[in-house]
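Taking it in order: structure first as structure tokens, then the write-up.
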Number of protein chains: 2
Amino acid sequence: MKRASIKDIARIAEVSVATVSYVLNKKEGSRISEATKTRILDVAKSINYTPNKIAKSLKMNKTKLIGLIVADISNDFYSNIARNIEDEAMKLGYTLLIGSCDENPEKFKKLTELFSEQQVDGMIIAPVVDSDEAINKLIQEEYPIVTIDRYLKNVSLPGVMINNSEISEQICDHLVKKDFDEIIYVGYNTELPHLLDRQDGFDQRIAKSDISAKRILIGIHNITEEVHQKMQENLDLSKKTAIYFSSNKLGIAGLRYLIDHSISVPEQVSLVAFDETEAYYLFPTEVSFVQQPLYDMARESVKLLDNQINDYTTNGKRVTFHAKFMERSSVK
Amino acid sequence: MKRASIKDIARIAEVSVATVSYVLNKKEGSRISEATKTRILDVAKSINYTPNKIAKSLKMNKTKLIGLIVADISNDFYSNIARNIEDEAMKLGYTLLIGSCDENPEKFKKLTELFSEQQVDGMIIAPVVDSDEAINKLIQEEYPIVTIDRYLKNVSLPGVMINNSEISEQICDHLVKKDFDEIIYVGYNTELPHLLDRQDGFDQRIAKSDISAKRILIGIHNITEEVHQKMQENLDLSKKTAIYFSSNKLGIAGLRYLIDHSISVPEQVSLVAFDETEAYYLFPTEVSFVQQPLYDMARESVKLLDNQINDYTTNGKRVTFHAKFMERSSVK
DNA sequence: CTGAAAGCGCTTACAG
DNA sequence: CTGAAAGCGCTTACAG
């Protein structure tokens with residue numbers, strides 16, 4: 001697998017490597033004669049030349065590589081975000097490196113180091129709990145970074161997010177108006193700001209009502225088991241109940257519980273879930289869900305990062321998108 | 001974002017860059033004195049040195065990068081394969097570049113070019129229809145490649161696959177013995193060898209029985225619509241019927257049809273699907289499915305590729321794994 | 001219109 | 001025990 005280099009082209013076309021480089025990069029500015037130009041192009045084609053991006057990167061001090069660190073790539077939300085980011089990155093000439101840290105700060109740190117060694121021009125990250133140290137190091141090095149989905153409480157990095165609190169309030173409002181005896185919020189026991197926002201929005205609306213509300217908060221591991229156990233303990237079918245699952249993982253676990261216990265939706269219990277996932281569509285009832293504008297978020301994140309790369313600034317702006325409540329038939 | 005280089009270390013520690021390089025790469029062979037060694041390491045740490053892999057790659061003529069081209073990353077099968085490959089690649093010191101060509105040969109070709117320019121040491125690919133040209137070019141350049149899941153009819157590339165024909169025959173045998181009036185095979189109208197194998201295995205077993213069989217073959221786009229339409233036309237609930245969905249996408253579309261039409265499984269119709277996906281678990285009946293040994297396949301593919309990289313050979317061996325039929329309650 | 005030369009950050013065979 | 005130097009494949013300011 002010996003690859004042709006511009007040196008080879010230069011030798012065969014009997015010109016200098018400089019000239020080859022100019023022609024190949026279309027930087028001649030009409031300086032090079034048509035004859036040499038076509039000769040060079042022909043030779044390049046005939047020996048199957050492909051540029052060595054590594055060499056170019058070294059010289060140019062930029063790789064046109066972007067690193068993406070998601071919290072969990074097996075989550076449909078993140079895999080869809082990744083696809084959209086890849087498309088957008090490509091449009092701006094970047095190649096995307098994808099890493100999943102699986103909510104593990106050690107793995108998060110390792111990925112930042114890996115990407116850094118790989119000389120990525122910047123990173124799009126979804127911070128996980130305890131990833132602050134690794135992130136601060138990047139900030140200190142003035143590494144271009146942009147957050148997505150999640151954000152940091154104490155640091156103002158540029159990033160994209162949704163109106164978590166607001167949309168939760170809307171959902172809750174919708175449920176409150178339907179006159180349920182009880183509304184159950186299913187969320188995570190976590191410090192992640194965007195998730196606390198979802199909880200806050202819900203709480204605020206509940207506070208203004210006189211409806212009884214319960215909170216089921218679970219750890220980030222063993223989601224299925226914990227959701228099942230807590231639903232067992234908290235779901236009282238003698239009451240007219242609505243459940244709000246604040247993530248797709250929680251939603252899937254909850255739907256699974258309802259299937260296993262033959263609880264029919266929305267006859268016996270109503271529900272709303274966060275995010276969209278293919279799995280919702282195999283549930284016997286159409287699931288009402290919160291849809292995030294993935295494409296717009298992906299596009300904006302790449303744009304923000306590109307800006308950071310071209311002109312580094314410390315006070316990044318955070319862009320908030322509006323999630324959309326898609327009403328289906330799972331709420332009665 | 002000015003990064004420290006070994007030159008900086010050399011200057012501060014007052015040694016040559018050669019010495020720094022030896023120490024950093026632990027290639028001293030006890031040649032360097034402990035004093036200089038620790039001095040260099042201390043300086044490296046204090047100025048936050050991270051090696052520039054780009055420079056190293058250029059010099060060493062290898063990047064420790066592997067490219068993975070899957071047919072469709074939004075398919076759970078491929079995203080799980082990708083995760084497993086990433087883990088295995090990491091173990092051997094490789095970083096994984098992931099690309100999804102979405103069954104599009106143009107995109108496939110573009111990804112091979114992108115990866116090639118990025119100087120990946122090798123590629124793991126799932127060939128799509130009409131990708132032969134791009135693949136032949138790689139072969140001609142003696143680029144280390146390994147196929148996964150799918151394989152090529154006319155070229156013997158090293159690769160991993162499952163016993164498609166055999167497992168289909170087993171499934172069919174299982175259904176034949178249950179004495180259905182009719183068995184429907186749902187597959188793709190395609191030339192992809194591994195899918196034709198699935199069909200062949202089914203056909204062979206049917207031929208030895210006297211059960212009526214139907215084939216529903218659909219195009220690779222608009223899966224949901226086509227499956228719905230053809231099931232509408234072909235499903236006769238007055239007969240005792242079993243359906244065999246030969247991919248997870250087909251399975252999901254089919255399950256969706258059954259949900260939409262309130263057809264109960266296995267009471268009114270029995271079914272088996274290929275591959276595992278989270279969505280199956282939200283279906284009211286536990287779905288019997290074919291499980292592929294993803295981890296083993298991923299590991300073997302990386303191993304085969306690593307072998308190719310270290311010692312290129314043209315006659316690659318193909319490794320076949322055994323898929324497993326997981327019987328649940330969707331067949332009566 | 002074209003080329004010689006420096007340099008990006010590394011590694012390593014060679015010399016001392 | 002340590003260093004000078006060449007070279008990986010490019011780009012580009014400069015000279016002619």
Side-chain angles (χ1 to χ4, degrees), chain A residues 1-41 43-44 47-65 93 116-121 141, chain B residues 1-41 43-44 47-65 93 116-121 141:
Chain A
M1 200 185 49
K2 180 69 192 128
R3 315 168 75 87
S5 74
I6 58 170
K7 230 161 140 182
D8 298 318
I9 301 178
R11 185 171 32 77
I12 299 172
E14 295 179 308
V15 290
S16 74
V17 293
T19 306
V20 175
S21 176
Y22 285 127
V23 171
L24 257 26
N25 291 296
K26 302 182 174 49
K27 289 224 176 122
E28 338 92 53
S30 84
R31 305 177 355 172
I32 319 263
S33 72
E34 276 305 319
T36 15
K37 204 155 43 172
T38 51
R39 186 149 40 95
I40 288 172
L41 260 15
V43 171
I47 64 174
N48 238 319
Y49 171 77
T50 49
N52 184 330
K53 283 254 170 80
I54 294 293
K56 180 165 188 171
S57 295
L58 180 60
K59 178 67 190 168
M60 307 294 273
N61 196 28
K62 59 182 177 179
T63 55
K64 284 298 194 173
L65 245 34
S116 167
E117 288 178 5
Q118 218 67 250
Q119 310 294 115
V120 302
D121 290 341
E141 292 169 1
Chain B
M1 199 185 52
K2 180 70 192 130
R3 317 167 74 87
S5 73
I6 59 171
K7 229 160 144 182
D8 298 317
I9 301 178
R11 185 171 31 78
I12 300 173
E14 295 179 307
V15 290
S16 74
V17 294
T19 306
V20 174
S21 175
Y22 286 127
V23 171
L24 258 27
N25 292 296
K26 302 181 174 54
K27 289 224 176 122
E28 337 92 53
S30 84
R31 306 177 353 174
I32 319 264
S33 72
E34 276 305 318
T36 15
K37 203 155 45 173
T38 51
R39 188 150 37 94
I40 288 171
L41 260 13
V43 171
I47 63 173
N48 238 320
Y49 172 78
T50 49
N52 184 328
K53 284 253 170 81
I54 294 292
K56 181 166 186 170
S57 294
L58 181 60
K59 178 67 190 170
M60 308 293 275
N61 195 28
K62 59 184 178 180
T63 55
K64 283 299 193 175
L65 243 37
S116 168
E117 286 179 6
Q118 218 65 252
Q119 311 293 117
V120 302
D121 291 341
E141 290 168 2

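In what follows, chains carry the letters A, B, and so on, assigned in the order in which the sequence lines appear, proteins first and then strands, with residues in each chain numbered from 1.
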>> Using the rule side-chain contact (heavy atoms from CB on, under 4.5 Å), only one of A:L41, A:V20, A:T19, A:V17 pairs with A:I9; which is it?
In response: A:V20

>> From CZ of A:R39 over to C1' of C:dC1, roughly how many Å is that when rounded to an integer?
In response: 12 Å

> Should the heavy atoms of other residues, nucleotides or ligands under 6.0 Å from NZ of A:K64 be counted, would the total exceed 12?
Replying inline: yes

>> Rounded at 0.5 Å granularity, tell me how far CZ in A:R39 sits from CD1 in A:I32.
In response: 11.0 Å

> So which heavy atom on B:R3 is nearest to which on B:D8, and how close?
Replying inline: O-OD2, 4.1 Å

> Taking the side chain as C-beta and beyond, is there a heavy-atom pair between B:T63 and A:K53 under 4.5 Å?
Replying inline: no

> Between B:Y49 and B:V43, is any pair of side-chain heavy atoms under 4.5 Å apart?
Replying inline: no

> Starting at the 5' end of DNA chain C, what dot-bracket string do you get if Watson-Crick and G-U pairs under 3.5 Å are bracketed, crossing pairs use [ ], other-strand pairs use | and unpaired bases use dots?
Replying inline: |||.||||||||.|||

> Is A:T38 reaching over with its side chain to a backbone N or O of A:E34, donor-acceptor style, under 3.5 angstrom?
Replying inline: yes

> Taking atom CD1 of A:I54 and atom CD of B:Q118, what is their separation to the nearest 0.5 Å?
Replying inline: 6.0 Å

>> Heavy atoms only, 4.0 Å cut-off, all strands: where does B:S57 land among base, sugar-phosphate and nothing?
In response: nothing

> How would nucleotides 6-16 of chain C be written as a contact map, 5' to 3', with B for base contact, S for sugar-phosphate-only contact and - for no contact, using protein heavy atoms under 4.0 Å?
Replying inline: -BBBBBBB---

